**Student:** 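Have a look at the structure that comes next, please.
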Amino acid sequence: MRVPSQPAVTYAPASPPDRTRDIALIIAVVERLETMQWNRDVEGFTGLLTPQAVWVTAFGRRLTGWPEIHDFTAKVLTPALGEEYANYDVEHITFLSHTIAAVNVRQRSVGPTGIALEGQAEGRPLYVMSKQQGGWLIAAGQNTKFQETQIAAQARAMEELPR
């Protein structure tokens, strides 16, 4: 079993001072999301979303509302994925308000033993989560592929810009 990392946390000015329980609940949602994907459990995965959720895939396809996200997920989250899974680690949580949090995740493709798969780009999902009846659900998800080479090229280009 992996040891979960402790995410960095930032708070909006009006946020309650102690968000320990909320942090644990948010991490638990991401852990359940990972489990649902490992189990190819479409109902469990989509059960972590608000009914009006918006989801953008790593390739930029936007899905709006629970029915559309569910239909798409039922087609792609299948045993046809073979022996490819993903590990998710919450890296940063920003409490935007008492009931809204932006959650940055690191997603790594792994095989069935949890060993990283060679040549697979990491994902850097951003989940906007909404606190509902004491728990947290994903209201928006943006799954972006981490592109280290392009990020480095962009940083070099920015350094060359006149100030």
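Keep in mind that what you see is a predicted model, and the values were worked out from it rather than measured. Positions are given from 1 along the sequence. Below, each value reflects all heavy atoms present in this structure, side chains not excepted, and no hydrogens, waters or symmetry copies.
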**Student:** What's the spacing between T35 OG1 and D41 CG if we round to 0.5 Å?
**Tutor:** 9.5 Å
**Student:** For A53 and L49, work out which heavy atoms get closest and say how close.
**Tutor:** CB-CB, 4.0 Å
**Student:** Using the rule that Ile, Leu, Val, Met, Phe, Trp and Tyr join whenever any side-chain heavy atoms are under 4.5 Å apart, tell me whether I69 and L137 fall into a single cluster.
**Tutor:** no
**Student:** Can you see which heavy atom on N143 is nearest to which on P125, and at what distance?
**Tutor:** OD1-CG, 3.4 Å
**Student:** Below 4.5 Å, heavy atoms only, C-beta onward: do Q107 and R124 meet side chain to side chain?
**Tutor:** no
**Student:** Could you pull out the closest heavy-atom pair between Y88 and E34, with the gap in Å?
**Tutor:** N-OE1, 2.7 Å
**Student:** Measure across T20 and D18 and return the closest heavy-atom pair with its distance rounded to 0.1 Å.
**Tutor:** OG1-OD1, 2.6 Å
**Student:** Taking the six-membered ring where the residue is Trp, are the ring centres of W55 and Y127 under 6.0 Å apart?
**Tutor:** yes
**Student:** For T50 versus A139, what's the shortest heavy-atom pair and its separation?
**Tutor:** OG1-CA, 3.5 Å
**Student:** Can you check whether T57 reaches F72 side chain to side chain, under 4.5 Å on heavy atoms?
**Tutor:** yes
**Student:** Side-chain heavy atoms nearer than 4.5 Å, only ILVMFWY residues, links allowed to pass through others: does that put I93 and V29 together?
**Tutor:** yes
**Student:** Assigning hydrophobic clusters by single linkage (Ile, Leu, Val, Met, Phe, Trp, Tyr; side-chain heavy-atom cutoff under 4.5 Å), is F95 placed with V128?
**Tutor:** no
**Student:** Any side-chain heavy-atom pair from F45 and L33 closer than 4.5 angstrom?
**Tutor:** yes
**Student:** Does some side-chain heavy atom of M36 sit less than 4.5 Å from a side-chain heavy atom of E43?
**Tutor:** no
**Student:** Would you check if E84 and L117 make a side-chain contact, meaning some heavy-atom pair closer than 4.5 Å?
**Tutor:** yes
**Student:** In sequence, state the C-alpha distance, the side-chain angles, and the governing distance for V54 and R62, and then conclude on side chain to side chain contact (heavy atoms under 4.5 Å, CB included).
**Tutor:** CA-CA 7 Å; V54 176; R62 184 180 58 242; 4.0 Å; yes
**Student:** Using 0.5 Å steps for rounding, measure from the CD atom of E68 to the CG atom of L63.
**Tutor:** 5.0 Å
**Student:** Could you give the distance from NE2 (H70) to CG (L77), rounded to the nearest 0.5 Å?
**Tutor:** 10.0 Å
**Student:** Rounded to the nearest 0.5 Å, how far does CG of D22 lie from NE2 of H98?
**Tutor:** 7.0 Å
**Student:** Pick from V9, I27, I23: which one makes a side chain to side chain contact (heavy atoms under 4.5 Å, CB included) with V90?
**Tutor:** I27
**Student:** Are W66 and W136 in one and the same hydrophobic cluster, where Ile, Leu, Val, Met, Phe, Trp and Tyr link if side-chain heavy atoms are under 4.5 Å apart?
**Tutor:** yes
**Student:** Starting from the C-alpha separation in whole Å, work towards a yes-or-no answer on side chain to side chain contact (heavy atoms under 4.5 Å, CB included) for Y85 and R40.
**Tutor:** CA-CA 9 Å; Y85 302 91; R40 314 300 196 229; 3.3 Å; yes
**Student:** Under 4.5 Å between side-chain heavy atoms, counting indirect links through other Ile/Leu/Val/Met/Phe/Trp/Tyr residues: same cluster for L126 and L96 or not?
**Tutor:** no
**Student:** Would you call I100 and S130 a side-chain contact if the rule is heavy atoms closer than 4.5 Å?
**Tutor:** yes
**Student:** Do the non-hydrogen side-chain atoms of H92 and T10 ever get within less than 4.5 Å of each other?
**Tutor:** yes
